[in-house]
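This structure is a prediction, so every number in the text was calculated from the model and none was measured. In what follows, every chain begins at residue 1, and chains take the letters A, B, ... in the order their sequences are listed.
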Amino acid sequence: MDLRDRLEKIEGLKKKVQQISHSHQERKYQVPKNSRSVPISEILTGNIVNTPHGSCFYTEKKIPLETSFGDYSLLEAEQYFPGRANFNISRFKNKVADIQLNQALFFDTETTGLAGGAGTYIFLLGLGYFTGDSFCVRQYFMSDYHEEEALLWAVNQLFAQDFKLLVSYNGKCYDFPLMQTRFIMARLPLQLTDHHHLDLLFPTRRLWKKRLQDCSLSNIERRILNIKRDEDIPGYLIPHVYFRYLQDKDARPLKPIFEHNLQDIISLVILTTKIGQVLLDPFRAGMGNHGIDFYSIGKIYEGNKDYEYSSRCYEEALNHNLTDEESLEVLRLCSFAYKKQGNWKQAKKAWRDIISLSNEFILYPYEELAKYYEHQLRDYFEAFNVLEEALLCLEQQNIDPENKDKLLRALNYRLERIKRKQAMSKLKK
Amino acid sequence: MSCDVSAIIQELENDFTVRPYLTALEHLPAEEACLAEFPNWLNSGLIDILRKDGINHLYSHQASALKAINEGKNVVTVTPTASGKTICYNLPVLDAIIKKPETRAIYLFPTKALSQDQLGELYRMIEALDEPVKTFTYDGDTPVSARSSIRKQGQIVVTNPDMLHTGILPHHTKWHQLFQNLKYIVMDEIHIYRGVFGSHMANVIRRLKRICEFYGSKPQFICCSATIANPLEFSEKIVGEKFTLINNNGAPRGEKYFLFYNPPVVNRQLGIRKSLIKETARLVSKFLNYDIQSIVFARSRLTTELLTSYLKDYLVKKGIDRDQVRGYRGGYLPNLRREIEKGLKEGKIKGVVSTNALELGVDIGQLDACFIAGYPGTISSTWQQAGRAGRRSHSSVAILVASSVPLDQYMINASDYFFKETPESAVIDPNNLSILISHIKCAAFELPFIRGEKFGSEELEEILQFLEDKKMVHFTQNKWHWMSEAYPADEVSLRSASTENFAIIDTEAGENKVIGEVDRESVATTIHEGAIYIHEGDQYTITRLDYDDYKAYAKKVDADYYTDAQVESHIKLLDVFEGHDQANVKHQHGEISITTISTMYKKVKFYTHENLGYGKINLPAEDMHTTAYWLVLSEELNNYSGEKIQSGFTFDLGGGLLALSNVMVNVAPLFIMCDPKDIRAVAQIRSPFTDLPTLFIYDNYPGGVGFSEKIYELHDKILKAARDLIENCGCDKGCPSCVGPINQVGNHGKQSALLILKEAVR
């Protein structure tokens, strides 16, 4: 048997075993019969950039700032941009305060797979930035593997300009490390050393994960930004379309990938704007009646120790439809935000609301009330009453005896102390 | 303090319950230390640390190793257990890092457990140094949060082949600081990398070297091996470079006794001997009486646990703390293992019963006595285990106790064979096509292949063209680039068995306490529902097995029995790739499936070993698809069976086929370059597929690795070699060197195998 037959047999059997063991499915593209070699320059207008490492193709699109995408126009980007928009994502706030919109570089990559590692390549790298009167998107394309160095060299020229902030979606975990890998593989120094990286995935999750679960960029576009894509190419097909192009050099099927990448970059701008507005002024950011979103915003403000604002968000959340479980959680956070502000009246009301809303016995509102009477008002009689009320309520509960015991002990401990204090204060009198 | 073993040897020789059953008593005289000075280039801080530990000299082999390493040579050190081989690599590595802190080293140990075990000495030295040397273990258990700083800062990175293969090499760009400055690669216990595992390993090293070249480093290799026949050739094959062999052991050794013990026959007609377990326990307890620290090696988990239970019972009877005897095996959790190792070193534990887990270099210090309950299968492994006993200053003893299986019975009665024969060779075939192509894919993922590049085999370009046709790589401007979404390293497992373990959870210990682990292969026999799982001598019954979630739930019980599961396997012939008739026989090769299933288990009473009943096992059968070669014999031979050929020789088809399968499994590896464990032979007197007497030899790996195809190609040569081997073997009616022991193949097995071979290779 010659080598090729043996290889066929070996690989055939391996595939069979794989199929048996994990019903391994493969998605391979067949080259269609009608394909013919069509260069990329025939389907897209663009330029060739010449570098010391060869040349590569790129497109440049200048989008007027008046253009709207979903709920915003690009003009609004300036208004709500992090630096000005009091971008209240903790830890990030100070770092980006001085950065101007035109120092931000929005970026997204299209790759040959999601596996990561040295064998995953970036074949299309899109970069967007604001110039005086437009938003400019450049897309650098590698028409075969040998153009990678030229592509990286060309984007490096752009990186070397005065950009201070990278904006991406999941770029911290995916696109950026992959870019570092590609530069190492090409033995080129990456000219992005002194920059900040705003990965919108993180604030997006904090704001909308509770409501949407699915935080993919396309879902966010649809549900939050009101952006509609027509005939978008599904992400999982992208590597296959590129691999097919490598073989038949028919660039026509690549067009949707360029469009997809362009839309991603625009969405980054719109999403930054949306997040900026939501954080700056949630009550006017068109949040609709999603109480749960106000809850998420409230938590962000709380994280920044802005208790007044966070309690306002929680109040707003309670004005919209929440499940009982959600209401209880919002009330809890809200009550503590009031407490932190020393707004005892509201706090007291919230704890009372929690007690009446909950079907089960919850210890903390009683404790908090008792502490309030004990420490703030020194009204031991009221504190005693609250604890008595709690004990009465607990005794009627049908819960796990061990747990009940624990709760009883906690209450009695406090009760004893109140009794002691009561006795002391009577003595003093 | 334990007493000298000579006294107890004396007593054994005078003990009428022992003396008659000793088949060998070999005395190995003490050896003096052979010392050498520290080399003058060695960092004085390191020398000071050693001196503080009372080490004022190196042993000769350590000095030779250091010299060769300092001269830039790759080194393989082959010296007995506890001869201080870790010094041979720790000193040069630390010296290099102290002199130039950017220097990096990789330590490779065959398993995750070993890598953690062997670092004790290194850590002690590092702690004593002024400068911190950052040493980290990077394996599947390393927390994700720690990984990035290990990649950037780790000066010594300790890992295992699997992690290197799937976690490090494919992500080499994240490790560029390491690869740019990589000076040493330390590979300990390289004798483990034999057969298919070793062939994979050699390819992983090819990939590693390719990546080093990309980053401009050319690391030196420092290897250590247990005693094998061909350490130099073997290391050169694994690493693909010239090596210097260091085997001038200069470590001292006290005198040593090596005893062979064959348990007495209890039923002469049936040839039944006293139980291996009970006899071993009896001997060990004599040593425990003398307060002699002992290690006992058992061949299986079950034997390990039974011996542990029996010895603990003995201690309790004597009114001694039962924790003076401990069990030790793979499934124990790391903390427990550490605790036992420490107890042994400190002398708090008097006896440990272990599977071969302690055969490798786990640091437990040196013990006085070693018991080997059942021949471990190879001469090399037997010496390795025996090496666990052996103090530097006073005498020690190793005792091999035979089971009743034929190979044990042969060895125990042929001690000359054991003491004179050279240990086995380690064989690998890095260019095995099936293994090679898997790693070429991985390598193409890691770095594009440049036309004209070498990757071991001469056939690289043709293989790359094949992968190009299969659309896995893409050729442009003289380079092949990876063109697939797949992560090829995930599709190649370096080992036959999956490394995923089942956790055993004690349901009554609260908070779901995990008490041990079992590998997937052993699930059906050890943790099926109803099984008694013995852990450190305590019995648990398995109440529920969650097969999909890799969990078994156990409850502590006090039963007077243990369970023993029966395993059956069946061969199914699926496809014939090629075949031809030759003389009276047929040679074929193709695809088969082997189904392994456990359906029943026995309940066996402790001590008496009587059968208390059966239980059912409801577990799915495990199927393995692989390739096989088979030899189909003629109808004629079938008819011969039972016929008297000449006086004193009656043709025995069954015995002959069994004899032939034994000899083939020993001979074929030399031609196809694998380890005997990589292939299996099964003989069927009347195969349901061929309807004739048939001998199957198959690749013991899912999907096959091309061995059976090679056997098919070389069948004439292999069968002739088998014939020559039998004809030239000096034994009368069979021995492990040819067809296997007589009591396995029968009185006429050897002759019958010869007759079959004459038919097959005219």
Side-chain angles (χ1 to χ4, degrees), chain A residues 1-22 24 26-31 54 111-121 142-148 177-187 236-240 242-247, chain B residues 169-174 176 211 214-215 433-438 441-442 444-448 459 462-463 465-467 469-472 474-492 575 577-578 591 593 623-627 701-706 709 713:
Chain A
M1 240 192 309
D2 75 353
L3 182 70
R4 188 157 277 263
D5 291 342
R6 290 170 58 205
L7 288 169
E8 286 284 359
K9 197 154 280 172
I10 287 169
E11 290 292 289
L13 195 59
K14 273 186 199 163
K15 204 167 273 174
K16 216 162 166 182
V17 168
Q18 260 174 9
Q19 277 161 355
I20 293 166
S21 52
H22 5 258
H24 191 81
E26 247 183 280
R27 288 189 300 243
K28 269 260 149 95
Y29 245 55
Q30 288 307 310
V31 177
T111 64
T112 61
L114 293 175
T120 305
Y121 294 75
M142 160 179 119
S143 77
D144 208 331
Y145 290 99
H146 62 266
E147 289 183 3
E148 181 176 35
L178 189 57
M179 203 153 72
Q180 287 178 309
T181 288
R182 298 326 308 169
F183 273 91
I184 291 172
M185 295 288 285
R187 300 178 200 273
Y236 71 87
L237 280 181
I238 290 174
H240 298 280
Y242 181 66
F243 292 152
R244 186 173 77 179
Y245 161 76
L246 284 177
Q247 289 153 57
Chain B
L169 296 181
H171 287 284
H172 59 86
T173 54
K174 292 184 177 159
H176 63 274
I211 285 165
F214 176 78
Y215 291 100
L433 202 52
S434 168
I435 294 171
L436 181 68
I437 192 172
S438 296
K441 286 185 209 167
C442 296
F445 179 91
E446 286 149 11
L447 283 174
E459 292 159 335
E462 218 179 323
I463 295 173
Q465 277 161 7
F466 171 81
L467 292 176
D469 289 353
K470 293 283 162 200
K471 305 188 171 70
M472 304 201 80
H474 179 74
F475 185 71
T476 172
Q477 300 218 339
N478 241 9
K479 280 184 187 171
W480 282 274
H481 294 260
W482 184 244
M483 188 182 67
S484 162
E485 273 184 285
Y487 187 79
D490 273 349
E491 286 165 17
V492 191
D575 192 8
F577 294 157
E578 268 175 292
E591 193 185 332
S593 81
D623 271 325
M624 176 167 86
H625 266 65
T626 184
T627 54
Y701 288 88
V705 262
E709 182 196 340
E713 273 169 31

| said: On a heavy-atom basis, which atom in A:Phe243 and which in B:Ser484 lie closest, and how many Å separate them? | reply: CZ-N, 3.4 Å
| query | Which atoms form the tightest heavy-atom contact between B:Glu446 and A:Ala118, and what is the distance? | reply | O-CB, 3.4 Å
Validation row: [X], [Y] side chains within 4.5 angstrom (heavy atoms):
{"X": "A:Leu7", "Y": "B:Glu462", "result": "no"}
{"X": "A:Leu3", "Y": "B:Leu433", "result": "yes"}
{"X": "B:His481", "Y": "A:His146", "result": "no"}
{"X": "A:Met185", "Y": "B:His176", "result": "no"}
{"X": "A:Glu8", "Y": "B:Lys470", "result": "yes"}

| Rounded to the nearest 0.5 Å, how far apart are CD of A:Glu148 and OG1 of B:Thr476? | 12.0 Å
| request: Identify which of B:Phe577, B:Trp482, B:Phe466 forms the greatest number of heavy-atom pairs closer than 4.5 Å to chain A. | output: B:Phe466
| task | Could you have a look at B:Tyr487, B:Phe214, B:Phe445, B:Tyr215 and say which one has the most heavy-atom pairs with chain A under 4.5 angstrom? | result | B:Phe445
Answer with side chain, backbone, both or neither: which region of [X] has an atom nearer than 4.5 Å to a non-hydrogen atom of chain A?
{"X": "B:Gln465", "answer": "both"}
{"X": "B:Leu169", "answer": "neither"}
{"X": "B:Asn478", "answer": "neither"}

| task | In sequence, state the C-alpha distance, the side-chain angles, and the governing distance for A:His240 and B:Glu485, and then conclude on side-chain contact (heavy atoms from CB on, under 4.5 Å). | result | CA-CA 8 Å; A:His240 298 280; B:Glu485 273 184 285; 2.7 Å; yes
| Taking every heavy-atom pair that is under 4.5 Å apart, which of A:Ile184, A:Leu114, A:Thr111, A:Thr112 has the most such pairs with chain B? | A:Ile184
| remark: Cut-off 4.5 Å, heavy atoms of chain B, and the answer for A:Tyr121 is side chain
| So which part of A:Arg182 gets closer than 4.5 Å to some heavy atom of chain B, the side chain, the backbone, both or neither? | neither
| said: Side chains of A:Asp144 and B:His474: any donor to acceptor distance under 3.5 Å? | reply: yes
